[in-house]
There are 2 protein chains.
Amino acid sequence: MADNDPPGFELPLLLFAGFRSLIDQLHAELATRGHPDVRPAYGFAMQAIGVLGATASEIGRRLGVSKQAAGKTVDRLAALGYVERVDDPHDARRKLIRLTPRGIDSLVQSAEIFDRLRARWVEALGADRVAQLESSLRTVVPNAGFPVDVPGWFG
Amino acid sequence: MADNDPPGFELPLLLFAGFRSLIDQLHAELATRGHPDVRPAYGFAMQAIGVLGATASEIGRRLGVSKQAAGKTVDRLAALGYVERVDDPHDARRKLIRLTPRGIDSLVQSAEIFDRLRARWVEALGADRVAQLESSLRTVVPNAGFPVDVPGWFG
DNA sequence: TAAAGTCGACAACGTGGTTGTCGAAACAGT
DNA sequence: ACTGTTTCGACAACCACGTTGTCGACTTTA
């Protein structure tokens, strides 16, 4: 808080640019590995589904959006072959959404690519600075895991 | 890169959560200061307009979106009284978009709020850790200013 | 068994993007 | 001075992703 305060907009812009840069590189790399149609929102949705599967309502809850919005995303995911809907034998109202092998593959590849991108940051900054960056963010943003509440923040 | 690599998704999630947290707090505070209708995209658009004003095409270029998309955003901004369209006397094709006093006020307040939020991070982390966080991000993300290319990254 | 809650689906809509087209105006070259 | 090219803003149609509201079918609870 000295004479030359930073022009407030810089910190949020840097955080966004960092996030955006990772996401863009992820999808560029994902496209070359057989997943050209995966969009950022799909990755979050598939994370919310998880290996155990989930109902559309549950996905909506985990993502912080309405069940209708989650249902639409599941439609798109299903059309691309990343998930499938299975009738729940114990509850005729429910339909379990499950990742297909293709869906699982996209998640595995994403994790692998993110690890690689993080390694690039370690090359540029050093392991301790990256670790400290993560630690700082964990401190100021509690619960940064799922439910992540990411899609639709713009609308 | 030891045995227990971090699960790649954490770094991007932390960056997003940090950004999102600042943006959410900004708009909550902005709402209490007479700007309840400002949406995240509007702030970026008004930044792109700047105090000198700009044409819709230019705004689109600065934001990395089509001129049509920029024009639509300007429509919404104008309907809320944040900008006005002025005929350019030197070029009958152009219409200069200018911030109204209300638009300028929202920008001034935003900068002030962001400074306050950053000060909260400094309280939690210490000035040097925040400064190092910014410095690290500047290193891994060159050109984090405008043109910022933020809206529509999800679509 | 009746009431209340949850599930997925459907419809209508809002916002923030896209491409394509268009007439009007400016500009560049002959 | 005319002609072709570029740029401007506007309009239309469309897509992705979200919202509320409604609905019938099913489950759960009292």
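The figures here come from the full heavy-atom set of this structure, side chains too, leaving out hydrogens, waters and symmetry mates. Numbered from 1 within each chain, the chains take letters A, B, ... in sequence-line order. These figures come from a predicted structure and were not determined experimentally.
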Between [N] atom [atom2] and [X] atom [atom1], what is the distance in whole Å?
| X | N | atom1 | atom2 | result |
| --- | --- | --- | --- | --- |
| Glu58(B) | dT7(D) | CD | P | 13 Å |
| Leu80(A) | dC17(D) | CG | P | 10 Å |
| Tyr42(B) | dT15(C) | OH | C1' | 7 Å |
| Asp87(B) | dG9(D) | CG | C1' | 11 Å |
| Asp91(B) | dT6(D) | CG | P | 17 Å |
| His90(A) | dC7(C) | NE2 | P | 16 Å |
| Asp88(B) | dG9(D) | CG | P | 10 Å |
| Glu84(B) | dG9(D) | CD | P | 16 Å |

Heavy-atom donor-acceptor pair, [X] side-chain to [N] base, under 3.5 Å:
| X | N | value |
| --- | --- | --- |
| Lys95(B) | dG9(D) | no |
| Arg93(B) | dT7(D) | yes |
| Gln68(B) | dG16(C) | no |

Under 3.5 Å, is there a donor-acceptor pair linking the side chains of Ser136(A) and Gln132(A)?
no
Just say parallel, tilted or perpendicular for the rings of Phe16(B) and Phe44(A), cut-offs at 30° and 60°.
tilted
Any [X] side-chain N or O less than 4.0 Å from OP1/OP2 of [N]:
| X | N | result |
| --- | --- | --- |
| Arg85(A) | dC7(C) | no |
| Ser57(B) | dC8(D) | yes |
| Thr73(A) | dG18(D) | yes |
| Arg76(B) | dG16(C) | yes |
| Arg61(A) | dC7(C) | yes |

Check this for me: Arg33(B), atom CZ, are more than 12 non-hydrogen atoms of other residues, nucleotides or ligands nearer than 6.0 Å?
yes
Nearest to the side chain of [X] - [options]?
| X | options | value |
| --- | --- | --- |
| Lys72(B) | dA10(D), dA13(D), dC7(C) | dA13(D) |
| Ala92(B) | dA25(C), dT19(D), dC8(D) | dA25(C) |
| Lys67(B) | dA10(D), dG18(D), dC17(D) | dA10(D) |

Considering only heavy atoms from C-beta outward, does the side chain of Phe114(B) approach that of Ile23(B) to under 4.5 Å?
yes
Applying ring-ring contact (aromatic ring centres under 6.0 Å, His included), which residue pairs with at least one partner in residues 55-77 of chain A are found, sequence neighbours left out?
none
